[in-house]
Participant: 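Below: one structure in structure tokens.
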There are 2 protein chains.
Amino acid sequence: MTISSRYAVAIHILSLLEINKEERITSDFIAGSVNTNPVVIRRIIGMLGKAGLVITNPGVAGAQLARPIDRITLLDVYRAVQSDPEEELFALHDNPNPQCPVGRNIQGALEGTFAQAQKAMEEELRKVTLQQIVHQVSQEP
Amino acid sequence: MTISSRYAVAIHILSLLEINKEERITSDFIAGSVNTNPVVIRRIIGMLGKAGLVITNPGVAGAQLARPIDRITLLDVYRAVQSDPEEELFALHDNPNPQCPVGRNIQGALEGTFAQAQKAMEEELRKVTLQQIVHQVSQEP
DNA sequence: CGAACTTGTAATGATTTTAGTTACAATGCT
DNA sequence: AGCATTGTAACTAAAATCATTACAAGTTCG
């Protein structure tokens, strides 16, 4: 029922890349901050790369953000870490009984509402940029 | 990364209860429409009951809606089928490194944004009543 | 009353997802 | 040349999801 912590980790990674952009930090270093295995980090950076948010070079540490941080939104990151980009937030049960009026129409009735709810959530994520997160993280003691 | 289909099934069940409120439908009948096992239905009805949305009597078929359908929102149903009512929509990774400024502050920085995004989604669900769903389901051919 | 049904719930299983780990080829740096 | 690093596959472990079996406890109605 929850959105994978992979998302939170992705934001964590991007923040680290920004804050340490002068150095070249390794997946090992990032893993130390996130507190997980370096491979988990590399996998997520791979997704961020495919989504065009970071630029990486095989064998060389220090992925770079592909855009200025005020032009990367949390929605961009959310989309980037979705394994299946087609997948909707709300799951529908499959094969309800077409013989029954409810079974036949429930999917259509829910799709619209579910899409709207998902949209509302995504719009909130779109409003927040990485810059804001990095700012907050740097502010605190 | 998705919200359990238990939610869609719960809405399906409530719609059936409303549309067939004159009869006393069994979990077996509902299961036929949803296309799943009757026990799955009874479990979900159990959750709806604990949340005060339906009234059931052990041994007797035909759960009743506890309120008029225009006073049951999809948010009510959403909350009802959450196994852990404390659980947030967005998962945070646990134990980020407190030695690192990002590790130390990322949770706090994300909590607010995540809460807002979740709220936005929930508000959309609150806007829709069971009545609207039942109406749509009954409209279609 | 007693047979037939029904609910509520525990226990179990199958499948999928999530997160972590090991291993290693390929690449780049110095 | 040698060392560090990435990218990726393969595997494991744990959790979540959904389905199923089983059965006690309740209801209904002849």
Side-chain angles (χ1 to χ4, degrees), chain A residues 1-10 12-13 16-17 20 23-51 54-64 81-84 86-97, chain B residues 1-10 12-13 16-17 20 23-51 54-64 81-84 87-96:
Chain A
M1 228 40 198
T2 73
I3 288 165
S4 161
S5 69
R6 180 167 72 240
Y7 180 36
V9 171
H12 188 147
I13 293 171
L16 281 171
L17 290 178
N20 302 283
E23 299 123 74
R24 287 179 161 184
I25 60 177
T26 66
S27 61
D28 215 61
F29 173 86
I30 299 174
S33 172
V34 171
N35 191 23
T36 182
N37 191 290
V39 175
V40 172
I41 302 299
R42 296 205 284 271
R43 263 201 296 253
I44 295 176
I45 290 182
M47 300 179 91
L48 296 171
K50 271 182 192 143
V54 301
I55 297 164
T56 64
N57 299 99
V60 43
Q64 306 285 315
V81 298
Q82 280 187 301
S83 31
D84 176 1
E86 303 296 297
E87 191 178 73
E88 307 290 342
L89 178 59
F90 294 88
L92 295 173
H93 49 302
D94 29 44
N95 308 321
N97 190 340
Chain B
M1 254 343 236
T2 74
I3 288 166
S4 161
S5 70
R6 180 167 71 239
Y7 180 36
V9 172
H12 188 147
I13 293 171
L16 281 171
L17 290 177
N20 301 285
E23 298 123 74
R24 288 179 161 184
I25 60 178
T26 65
S27 61
D28 215 61
F29 173 86
I30 299 173
S33 172
V34 171
N35 191 24
T36 183
N37 193 290
V39 175
V40 172
I41 302 298
R42 296 205 284 271
R43 262 201 297 254
I44 295 176
I45 290 182
M47 299 180 92
L48 296 171
K50 272 183 192 144
V54 301
I55 297 163
T56 64
N57 299 99
V60 43
Q64 305 287 314
V81 297
Q82 279 188 303
S83 30
D84 176 2
E87 190 178 73
E88 307 290 341
L89 178 59
F90 294 88
L92 295 173
H93 50 302
D94 29 43
N95 307 322

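Only a predicted model underlies this, so the values are computations on that prediction, with no experimental measurement involved. Excluded from the calculations below are hydrogen atoms, water molecules and symmetry mates; all remaining heavy atoms, backbone and side chain alike, are included. We name chains A, B, ... by the order of the sequence lines, and we start the count at 1 in each one.
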Participant: For A/Ile44 and C/dT18, what is the distance between atoms CD1 and P respectively, to the nearest whole Å?
Facilitator: 12 Å
Participant: Which distance, rounded to the nearest 0.5 Å, do you find between the CG of A/Leu17 and the NE2 of A/His12?
Facilitator: 10.0 Å
Participant: Check this one for me: any side-chain N or O of A/Thr26 less than 4.0 Å away from OP1 or OP2 of D/dT6?
Facilitator: no
Participant: For the pair made of CD in B/Glu23 and P in C/dT6, what is the distance, rounded to whole Å?
Facilitator: 14 Å
Participant: Tell me: CD1 of B/Ile55 to P of C/dG8, nearest whole Å?
Facilitator: 13 Å
Participant: In whole Å, what is the span from the CG atom of B/Asp94 to the P atom of D/dA15?
Facilitator: 12 Å
Participant: Looking only at side-chain N and O atoms, does A/Ser5 come under 4.0 Å of OP1 or OP2 in C/dA19?
Facilitator: yes
Participant: Select base, sugar-phosphate, or nothing to describe what B/Val40 touches, counting heavy atoms under 4.0 Å on all strands.
Facilitator: base
Participant: Which part of the nucleic acid does A/Ser83 contact within heavy-atom distance under 4.0 Å: base, sugar-phosphate only, or nothing?
Facilitator: nothing
Participant: Examine D/dA19: is either OP1 or OP2 under 4.0 Å from a nitrogen or oxygen in the side chain of B/Thr36? Give yes or no.
Facilitator: yes
Participant: Indicate whether OP1 or OP2 belonging to D/dG7 is found under 4.0 Å from a side-chain N or O atom of A/Thr56.
Facilitator: yes
Participant: In whole angstrom, give the distance that lies between atom CG of B/Asn57 and atom C1' of D/dT27.
Facilitator: 10 Å
Participant: Would you indicate, yes or no, if C/dT7 has its OP1 or OP2 atom less than 4.0 angstrom from a side-chain nitrogen or oxygen of B/Ser27?
Facilitator: yes
Participant: Could you tell me the separation between the CZ atom of A/Arg43 and the P atom of D/dT6, rounded to a whole number of Å?
Facilitator: 15 Å
Participant: What are the two closest heavy atoms between B/His93 and A/Ser5, and how far apart are they?
Facilitator: N-CB, 3.8 Å
Participant: Classify the nucleic acid contact of A/Val60 as base, sugar-phosphate or nothing, counting any heavy atom under 4.0 Å across all strands shown.
Facilitator: sugar-phosphate
Participant: Atom NE2 of A/His93 to atom C1' of D/dT17: distance rounded to whole Å?
Facilitator: 15 Å
